[in-house]
Asks: 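Just dropping this structure here.
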2 protein chains.
Amino acid sequence: MYTIGQVSELFGVPISTLRYYDREGLFPGLERTSGIRRFGERELEALRVIECLKRSGMEIKDIKQFMLWCAQGKETYPERLELFRRQKAAVEAELHQLERTLDMLRFKCWYYEQALAQGGEEGIIDLLPEEIKGAYDRAHRD
Amino acid sequence: MYTIGQVSELFGVPISTLRYYDREGLFPGLERTSGIRRFGERELEALRVIECLKRSGMEIKDIKQFMLWCAQGKETYPERLELFRRQKAAVEAELHQLERTLDMLRFKCWYYEQALAQGGEEGIIDLLPEEIKGAYDRAHRD
DNA sequence: TCTTGACCTAAAGTTAGCTTTAGGTGTTAT
DNA sequence: ATAACACCTAAAGCTAACTTTAGGTCAAGA
């Protein structure tokens with residue numbers, strides 16, 4: 001069992017944030033001894049999942065829903081699976097989007113390298129190499 | 001030349017947002033005829049870049065800085081290149097992070113498919129297939 | 001004893017990125 | 001002439017995810 005300070009150290013998450021998560025219902029069934037929070041293995045795993053789901057762009061209130069489902073037992077397996085499937089699809093879409101953003105950034109880097117080298121922006125587009133051209137085109141269509 | 005309403009239609013960005021961007025200095029040198037904003041090719045390209053940089057996670061105030069550099073001419077090529085290089089690195093890091101998040105989500109999907117199939121969570125970890133195991137391990141280390 | 005340190009709460013404050021509101025101008029269709 | 005539009009501004013409001021503040025409890029060490 002860990003105190004809030006220890007968990008904060010372990011995960012590098014501010015104490016105020018842990019308390020906030022608790023307030024928001026992200027640790028349903030968190031134990032207390034005379035008012036003091038006691039974090040067990042269950043809460044540590046919860047925190048790992050919270051960090052993952054947050055990185056995936058999920059909102060706190062939806063993470064709370066998941067934690068409630070976990071506390072409810074086997075009957076909620078389908079809901080939990082559905083949630084992870086949806087989130088997986090969302091992250092895949094986001095990854096794809098980011099790849100195209102990266103294409104645009106690659107193009108812009110190349111562009112300013114050229115501008116810097118030739119001391120101006122005149123006619124840069126004409127000497128677009130094939131590989132950068134691909135990036136440029138991908139970045140400009142939806 | 002386009003009015004704010006036309007640009008809003010073209011890009012699918014709310015008029016209020018375009019005015020907000022203008023207020024924040026994202027269109028330095030935007031023309032006006034008797035108070036009314038006139039968007040030209042320069043502003044459309046700016047908007048394309050804004051959308052890209054926003055997707056890359058850049059804040060409005062940093063995008064503003066870039067637009068100011070553009071308005072300043074050739075002397076700021078180095079700054080602009082630096083900005084795009086930094087942002088490219090940031091997006092590459094974010095992509096890597098998201099891949100690991102996806103690994104965790106893949107693992108969770110597999111996990112709940114198993115739990116659902118066998119009606120419980122007992123001993124699931126023991127039958128982790130190699131491919132999922134990799135995902136699980138990657139997702140749990142920093 | 002007293003003070004230091006780790007915990008607690010409720011409530012107010014913060015930040016980014018918008019959106020909404022309230023009120024006003026100028027042109028065009030009825 | 002009057003109403004409908006598309007534009008304008010300043011300022012207030014909103015949401016998410018925290019953080020800060022102000023005040024309080026309790027146990028251990030000097």
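Predicted, not measured: the structure shown is a model, and the values here were computed from it. Each chain gets a letter, A, B and so on, in the order its sequence line appears, and its residues count up from 1.
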Asks: Counting only side-chain N and O atoms of A:Lys54, is one of them less than 4.0 Å from OP1 or OP2 of D:dC18?
Replies: yes

Asks: Strictly below 4.0 Å: does B:Arg32 bring a side-chain N or O up to OP1 or OP2 of D:dT9?
Replies: yes

Asks: In terms of side-chain heavy atoms of A:Thr3, which of C:dC18, C:dC7, D:dC18 is nearest?
Replies: C:dC7

Asks: To the nearest Å, how far apart are A:Gln6 CD and C:dG5 P?
Replies: 18 Å

Asks: Assign A:Glu59 to base, sugar-phosphate, or nothing according to its heavy-atom contacts below 4.0 angstrom with the strands shown.
Replies: sugar-phosphate

Asks: Could you check how far CD1 of B:Ile36 sits from C1' of C:dT27, rounded to whole Å?
Replies: 9 Å

Asks: Given A:Arg55 and B:Gln97, is the side-chain contact (heavy atoms from CB on, under 4.5 Å) satisfied, shown in steps?
Replies: CA-CA 8 Å; A:Arg55 263 183 268 118; B:Gln97 176 79 298; 3.2 Å; yes

Asks: Ignoring the backbone of B:Ile60, work out which of C:dC18, D:dC7, D:dA17 is nearest its side chain.
Replies: C:dC18

Asks: Rounded to the Å, how far apart are B:Met58 CE and C:dA16 P?
Replies: 15 Å

Asks: Is it true that B:Glu51 and B:Lys54 have a side-chain N and a carboxylate O under 4.0 angstrom from each other?
Replies: no

Asks: So which one's nearest nucleotide on DNA chain C is more toward 5', A:Phe39 or A:Arg23?
Replies: A:Phe39

Asks: Quick one: does any side-chain atom of B:Gln87 pair with a main-chain N or O of B:Ser56 as donor and acceptor, under 3.5 Å?
Replies: yes

Asks: Let me know the distance between CD1 of B:Ile63 and P of C:dG17, rounded to the nearest Å.
Replies: 8 Å

Asks: Is any side-chain nitrogen or oxygen of B:Tyr20 closer than 4.0 Å to OP1 or OP2 of C:dA16?
Replies: no

Asks: For B:Ser16 and C:dC18, is the shortest distance between a side-chain N/O and OP1 or OP2 below 4.0 Å?
Replies: no

Asks: Mind calculating the distance between CZ (B:Arg19) and P (D:dA6) to the nearest angstrom?
Replies: 12 Å

Asks: May I have the distance from A:Lys64 (atom NZ) to D:dA16 (atom P), rounded to whole angstrom?
Replies: 13 Å

Asks: Using ring centroids (six-membered ring only for Trp), state whether A:Phe66 and A:Phe84 fall under 6.0 Å.
Replies: yes

Asks: Assign each of B:Pro14 and B:Ser34 to its nearest nucleotide of DNA chain C by heavy atoms, then name whichever residue's nucleotide is nearer the 5' end.
Replies: B:Pro14

Asks: Rounding to an integer number of Å, can you tell me how far A:Ile4 CD1 sits from C:dG5 C1'?
Replies: 15 Å

Asks: Establish, with yes or no, whether the OP1 or OP2 oxygen of C:dC18 is under 4.0 angstrom from a side-chain nitrogen or oxygen of B:Thr17.
Replies: no

Asks: For A:Glu24 and D:dT15, what is the distance between atoms CD and P respectively, to the nearest whole Å?
Replies: 14 Å

Asks: Can a donor-acceptor pair be found, under 3.5 Å and without considering hydrogens, that links the side chain of A:Gln114 to the backbone of A:Glu121?
Replies: no

